[in-house]
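Report on one structure; see the data block that follows.
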Amino acid sequence: MGVQLSGLFEPKVVEFKELAGKRIAIDAYNALYQFLSIIRQPTGEPLMDRDGNVTSHLSGLLYRNANLLEYGVLPVYVFDGAPPELKKGVVEGRVDTRLKAEERWKEALARGDLEEARIQAQASARLSRGILEDAKRLLGYMGIPVVQAPSEGEAQAAYMAGEKAVWAVGSQDFDSLLFGAPRLVRNITITGKRKLPRKNIYVNIVPELFDSETVLSDLGITREQLIDLSILVGTDYNPGGVEGIGPKKAYKIIRETGGIDVAVEKGLVRGFDYEPIKAFFMNPPVTDDYELSWKAPDEEGVVDFLCGERDFTESRVRKALEKIRAGIEKGRSQFSLDGWL
DNA sequence: CACTATAG
DNA sequence: CTATAGTGG
């Protein structure tokens, strides 16, 4: 989910070629959820091999990474570690929400309501152990770096961007800005036309760049104040936020008071235990134990896994691998190698 | 999501 | 060339 700050600041629309030669730390869970919810049949059923293993995410990873590499963008996938104590309740709540969505999916299917079935199926997507293992396996064969975060992947990715190990964080959520990422790119794993949920409207999705310095100076606040603002709106660690406060009101309060502490003192919001949340955003668990060097894809490894074990069509997989090879060649000749090699 | 085929 | 329908696994 992440913090809902949409509308507070404007993105800079970017083209993929502007990201050429850059490493982007992608929040793996965020990307996998996206693939698992979107890559489905009209009935809502995900793609599966003959044994019933879900393969939607493998399809998404293969083709999306082939496109990114073709553009000279090197993705680095950052996987979540143990969820922080602060998040326990939210995690359990989400499992429950997804199980309920699964029920509604089956019900909708039984009465032949395909539209509703698909909506509920999308909301029911969950990451199983096998799904995560398969994703890491495929990325390994593709030579794409995988980083294991000690806790929140978003925090680890933000840290790596701050250290200039990667150029930006790739995620749909704004949390990485709270964790101190200098840049955030949204819509890097979803592009093209997308149907708005529950509406018959299609919008064109393009990559959006948020530069932290620009965002903060436009708002006239500091990162710490953005964290305060977000806590008022609601984060993964205090879902719902303070009752009756949305992004606009929260912004006004922070601008007028300078911070949650003063806002509470002045009685603008009731007191609550926001300090641990603030401390977590300011100083989350991260690690320096990661390896970002790109390796040439093990093409036969990819083919053996996807075609031999997961029923992919070999010609399609080979075509994606060819794209990757072309991207690597282009990268070698056009970009300085230290950018992503 | 992306691929493939097909129609305009 | 773009748009859309159907499929992929």
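Throughout, a chain's letter reflects where its sequence line sits, starting with A, and its residues are numbered from 1.
Between F16(A) atom CZ and dA2(B) atom C1' there is a gap of 13 Å when expressed in whole angstrom units. Across the protein-nucleic acid pair, Q41(A) atom CD and dG6(C) atom C1' stand 9 Å apart, rounded to whole Å. Between E314(A) atom CD and dC3(B) atom P the separation is 17 Å, expressed in whole Å. One interatomic measurement links the two molecules: CD1 of I39(A) to C1' of dC3(B), which rounds to 11 Å at whole-angstrom precision. When the C1' atom of dT7(C) is taken as reference, atom CE of M48(A) falls 15 Å away, rounded to whole Å. Counting to the nearest Å, the P atom of dG6(C) and the CG atom of L114(A) are 12 Å from each other. Rounded to an integer number of Å, the gap from NZ of K319(A) to C1' of dG8(C) is 14 Å. Regarding R318(A), its CZ atom lies at a distance of 22 Å from the P atom of dA2(B), rounded to whole Å.
Among the atoms of the strands shown, only primed sugar atoms or phosphate atoms (P, OP1, OP2) are found under 4.0 Å from some heavy atom of R310(A). Residue N53(A) is classed as having no contact, given no heavy-atom separation below 4.0 Å to the nucleic acid.
Few gaps surround CG on D288(A); more than 12 heavy atoms of other groups in view lie less than 6.0 Å from it. Counting non-hydrogen atoms of other residues, nucleotides and ligands closer than 6.0 Å to CD of E85(A) gives a total of 12 or fewer.
In this structure, F9(A) and F174(A) have perpendicular ring planes: the angle between them is above 60°, well past the 30° mark.
The stretch residues 54-65 of chain A touches DNA chain C through T55(A), S59(A), each having a heavy atom within less than 4.0 Å of the strand.
Sorted by first and then second residue, the ring-ring contact (aromatic ring centres under 6.0 Å, His included) pairs involving residues 232-251 of chain A (not counting sequence neighbours) are Y237(A)-F280(A), Y237(A)-F281(A).
For N65(A) and Y77(A), the side-chain atoms include at least one donor-acceptor pair closer than 3.5 Å. For the residue pair Q156(A) / E152(A), no side-chain donor-acceptor distance below 3.5 Å is found, with atom types taken as modelled.
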